[in-house]
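Each remark here refers to the structure printed beneath this line.
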Amino acid sequence: MKYDYKAIEKKWQDIWEEKGVFHALNDYTKPKFYALIEFPYPSGSGLHVGHGRTYTALDIVTRKRRMEGYNVMYPMGWDAFGLPTENYAIQHNIHPAVVTEQNMVKFKKQLKALGLSFDWSREIDTTDPEYYKWTQWIFLKMFEKGLAYKKEMAVNWCTGCRVVLANEEVIGGVCERCSGEVVRKVKSQWMLKITQYAERLINDLDTVDYIERVKAQQIHWIGRSTGAEAEFITTAGDTLTVYTTRPDTLFGATYMVISPEHPYLEKWSGKIKNMDEVRAYQHNAAHKSDFERTEVAKDKTGVRLIGVNAVNPVNDTEIPIFISDYVLMSYGTGAIMAVPGHDERDWEFAQKFGLPIVEVVKGGDVTVAAFTDCDTGLMVNSGFLNGLSVEDAKKKITKLLEETGKGRPKVNYKLRDWIFSRQRYWGEPIPIIICEKCGYVPLKESELPLKLPEVESYKPTENGESPLAALDSWVNVVCPKCGLQAKRETDTMPQWAGSSWYFLRYCDPHNKNAIASREALEYWTPVDWYNGGMEHTTLHLLYSRFWHKFLYDIGAVPTSEPYAKRTSQGMILGENGEKMSKSRGNVVNPDEIINTYGADAVRLYEMFIGDFEKAAPWSSTSIKGCNRFLDRVWALQELKILDGGYSNELESSFHKTIKKVTHDIESLGYNTAIAALMSLINEIYGIKCITKEEFKTFLILLNPFAPHISEEIWEQQGFGGMITSQKWPKYCDEKCKDDVVELAVQVNGKIRARIEISADEPKESVLKLAKNMPELHVHIAGKILAKEIYIPGKLVNFVVK
RNA sequence: GCGGCUAUGGCGGAACUGGCAGACGCGCCAGACUUAGGAUCUGGUUUCGUAAGAAGUGGAGGUUCAAGUCCUCUUAGCCGCACCA
């Protein structure tokens, strides 16, 4: 009888759902396991095979953990606010909520067809007012603590989407989503002070189990650097403060550069003699998009300020000041001391403008290139620093700056505050009222959720306001504080808001009084294992750590980190090795392949496709191998099935396989776990019979990977109960060992023979037996035996001369 | 430029703290069974060589009895960031 996957898979999916087999229990006395995957954005194009890889991986882990006796929570939900839905709504004039609903239904059906063991009783949706009530609540808490603030600032304005983008959404100078040109535009924006948590976001990585590349990328993104601030008196009277990581080179500072946006320029306008030229440069810089600004990065431009100079605080030399757009207002102080001898950018600039280059660290030739090495050279031309190493000079000069009040040690971060406003409809409304008299007034908690109103058009207005701004009845309110006429904030929150805390809501998804009950949070958090894409490392993953830390600080959650463990899967590429995309025409439709091969084969193949952490191209022929394997599993039923426990022939193989599968599932070795099961079945077919115990064990080991077929065979064989409620098999290290082992026999490291011996044969005896093998005679005879090496279970090596 | 990673048969990939390179699967070859097939089963399949044997994990050195694995240098590719002082 052939395996009828279509009927059987549906049958078990329905039974699992009906019986609520995968519901997490609210029994807080059992050991818990909280597995989390990134909840999807329910896009119109439906599930991607890449989703399958992530979800199946943790599905395997959770199915195993349930059999190991854990109370497992593996929840699912929808990260449903976002631009694509809104754009679709605009195009087709359908309410985004309707589009979202349709997409969720489609996704859910696809997920169920894969046999994923999600607990659907905890399903959440970020666009549900009962959910975003708490997103708004967290925002208000941040506002209350001064972490949410409004600021006029130059932002990334996408000319395509007509919306403000976060730095993270600008890729190579263009919009991540529409590839439209991004220009700088000054707008008043809500900001979240993620920078206040920069230090902790770095340091606390030591307390979590994230794969190294995630940690490295976050650390790099936060970009901590240590150095010093130094103050330069100017001839205009003001003090110009700079930040430098090389305070040791202060004697080599031969000029200064300030950003074109530096506020001093306006202040000094009366003293700067070439102000026209300066203004022209400022104008030019402001109208360059970030893209253009980085494009011209190779060639330095700038203007010297005529009429204002600065004085180097260590040698009292008067030095010129320039403006140049290679100095950013948004990092450090917006001003630098230029040390052309030891900084490549300064060197380039100095060359172009004919400025003096002074060597202060010996080791290179500063007339040819900047010498930036900090480890080898000693200080020169630097007064009291002469002869010191760079490291010592840094310490000494920083101490002196501090003592004389001309500077101080300083730590800087590349991380910027998070631009939190979007001028769009399909997002959480920001629950703030703007009153001319009282300023920004938060809504009362009792007024949450502040629901999205119905609007006529979802299009942003031409001047970049949210569509909500056009709705007078919604915008015009009375100030809750003073009772005068006031206006609502019309910006909404970014796509990242709802996902910054969703894992907390799963713990207690229907709670009306809090994000989740204290007991639920105490029990379930932190997430034990979070798997997701590398592309979220510096976005969602960082944002949610920030929110979680904030919630911890106000006592709302019991742990300071949200996720105990983070792993990341590689992408599934198209058959041609390129990224799957509609435009490349290499997209694999999961519905089709489930239809052709069944969910178990798809699950198996997605896990077998390659190293879980690496990208792997899809292969429409390789999946057949997994299909064949399942057919062979099904056909085990036609073998002679004997009563009793493990047979002598297979006992050690079974113990080895249990051990391998048990460990591989925990260490992302899904491909090798499946390979082990394939090897085992090959062995079983070699013997042509199987015992009940062996059959049961095999099915249980296979169950996490191929849940439907294992469940069905279990039932047909009458093994009792459902396979999902069985116990995970145990192995015994003693029994993993073979009685007879084959050793390689080497002479000078080259294999000359093989020998089969009993595993407990003593060393002397093994060496003696090996030495006397006829194959070795040619290689040993007449030579001096210098060394004998015996690695039990592996090899013997004779070193001869 | 900075940070991270990768390189192993025709292909995807195995190889724990250095210890038999190529597990497992695809593909391919041969055979079996067949109301002839893109089904199933059995065997084979790193390369060169009839063979004995030799070579072999991007390249060049090195350490070691022994290197895909460790060290030095180098090449190519991928991902992220990028004038961050």
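By convention in this document, chain letters (A, B, ...) are assigned in the order of the sequence lines, proteins followed by strands, and residues within each chain are numbered from 1.
Residue contacts shown for A/T537 are absent, as no nucleic acid heavy atom lies under 4.0 Å away. In this structure, A/K750 reaches the sugar-phosphate backbone alone: every heavy-atom distance under 4.0 Å involves primed, P, OP1 or OP2 atoms, never a base. Counting any heavy atom pair closer than 4.0 Å across all strands shown, A/E742 reaches a base atom. Within the nucleic acid shown, A/I751 comes within 4.0 Å of sugar-phosphate atoms alone, with no base atom in reach, counting heavy atoms only. If you check every strand for non-hydrogen atoms under 4.0 Å, A/N682 touches sugar and phosphate atoms only. Contacts of A/I791 with the nucleic acid, taken as non-hydrogen atoms under 4.0 Å apart, include base atoms. Note on A/S619: nothing from the nucleic acid sits closer than 4.0 angstrom, heavy atoms only. Among the heavy atoms of the strands, none lies under 4.0 Å from A/A676. When heavy atoms are screened at a 4.0 angstrom cut-off, A/D611 is found touching the sugar-phosphate backbone but no base atom.
Phosphate proximity of B/G25 to A/N627: absent, as no side-chain N or O sits under 4.0 Å from OP1 or OP2. Considering only side-chain N and O atoms, A/N671 lies under 4.0 angstrom from the phosphate OP1 or OP2 of B/A14. The phosphate of B/C41 (OP1 or OP2) has a side-chain N or O of A/R632 nearer than 4.0 angstrom. Contact check, A/R628 against B/C41: no side-chain N or O comes under 4.0 Å of OP1 or OP2. Taking side-chain N and O atoms only, A/K414 has no distance below 4.0 Å to OP1 or OP2 of B/G3. Between A/R752 and B/A54 there is a side-chain N or O to OP1 or OP2 distance below 4.0 Å. A sub-4.0 Å separation between OP1 or OP2 of B/C24 and a side-chain N or O of A/T672 is absent.
Taking atom C1' on both B/U8 and B/A76, the two are 16 Å apart, rounded to the nearest angstrom. B/U50 and B/A60 are spaced 36 Å apart, taking the C1' atom of each and rounding to whole Å. Comparing B/G13 with B/A85, their C1' atoms are spaced 46 Å from each other, to the whole Å. Of the C1' atoms belonging to B/A30 and B/G80, the separation is 50 Å, rounded to the nearest Å. Atom P of B/C26 sits at a distance of 31 Å from the matching atom of B/C78, rounded to the whole Å. Here, B/A39 and B/C29 have their P atoms 13 Å apart, quoted to the whole Å. Across B/A82 and B/G3, the matching P atoms stand 16 Å from one another, rounded to whole Å. Across B/A23 and B/G62, the matching C1' atoms stand 31 Å from one another, rounded to whole Å.
Closest to the side chain of A/K794, out of B/C26, B/G3, B/G19, is B/G19. For A/V327, the listed nucleotide lying nearest its side chain is B/A85; candidates were B/A85, B/G12, B/A55. Closest approach to the A/F608 side chain among B/C65, B/G25, B/A7 is made by B/G25 (side chain taken as heavy atoms from C-beta onward). Listed nucleotides: B/G19, B/C24, B/A85. Nearest to the side chain of A/M678: B/C24. Considering only side-chain atoms of A/Y326, the nucleotide from B/C83, B/C81, B/A23 that sits closest is B/C83. Closest to the side chain of A/K787, out of B/C65, B/C26, B/A85, is B/C65.
Just one of A/D600, A/V633, A/N627 meets the side-chain contact (heavy atoms from CB on, under 4.5 Å) condition when paired with A/Y3; it is A/D600. Considering A/T249, A/T244, A/D248 as possible partners of A/R246, the one that fulfils the side chain to side chain donor-acceptor pair (under 3.5 Å) test is A/D248.
The glycosidic torsion of B/G59 lies more than 90° away from 0, which places this base in the anti conformation.
Using bins of under 30°, 30° to 60° and over 60° for the plane-to-plane angle, the ring pair A/F349/A/Y255 lands in the parallel bin.
Side-chain atoms of A/E683 and A/S653 include a donor-acceptor pair closer than 3.5 Å. Of the N and O atoms on the side chains of A/H536 and A/E38, at least one donor lies less than 3.5 Å from an acceptor on the other residue. Side chains of A/T567 and A/N531: a donor on one and an acceptor on the other come within 3.5 Å.
What separates CG of A/L539 from C1' of B/C81 is a distance of 12 Å, to the nearest Å. We find that NE2 of A/H220 is positioned 14 Å from P of B/G1, with the value rounded to whole Å. Between the CZ atom of A/R224 and the P atom of B/A85 there is a distance of 13 Å, given to the nearest Å. Computed from coordinates, the A/I219 CD1 to B/C2 P distance equals 18 Å when rounded to whole Å. In this structure, the CD atom of A/E613 is 19 Å from the P atom of B/G12, given to the nearest Å. Computed from coordinates, the A/K624 NZ to B/C26 P distance equals 10 Å when rounded to whole Å. Atom CZ in A/F629 sits roughly 23 Å away from atom P in B/G12 (whole-Å rounding). Distance CD (A/E638) to C1' (B/C41): 13 Å, rounded to an integer number of Å.
Here the straight-line distance linking atom CZ of A/F798 with atom NZ of A/K771 works out to 6.0 Å at 0.5 Å rounding. For the atom pair CG of A/D664 and OG1 of A/T672, the computed distance is 3.5 Å after rounding to the nearest 0.5 Å.
Residue-to-nucleotide proximity on RNA chain B shows that, of A/E344 and A/R246, the 5′-proximal contact is made by A/E344. Along RNA chain B, the nucleotide nearest A/Y605 and the nucleotide nearest A/D631 are compared for position; the residue whose nucleotide lies closer to the 5' end is A/Y605.
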Query raised in the report: What's the verdict on side chain to side chain contact (heavy atoms under 4.5 Å, CB included) for A/L240 and A/H262, showing C-alpha distance, side-chain angles and the deciding distance?
Result: CA-CA 11 Å; A/L240 196 51; A/H262 202 286; 3.9 Å; yes

Requested in this report: Evaluate the criterion salt bridge (charged side-chain N to carboxylate O under 4.0 Å, His left out) for residue pair A/R584 and A/E575; output intermediate values, then yes/no.
Outcome: CA-CA 11 Å; A/R584 291 188 180 90; A/E575 201 133 10; over 6 Å; no

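The shortest distance between side-chain heavy atoms of A/I419 and A/M191 falls below 4.5 Å.
The base of B/C83 is paired with the side chain of A/K300 by a donor and an acceptor separated by under 3.5 Å.
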Query raised in the report: Reading RNA chain B 5' to 3', what string of ( ), [ ], | and . shows its pairs, if Watson-Crick and G-U wobble pairs count only when both distances fall under 3.5 Å?
Result: (((((((..(((......[....)))((((((.......))))))(((....)))..(((((..]....))))))))))))....

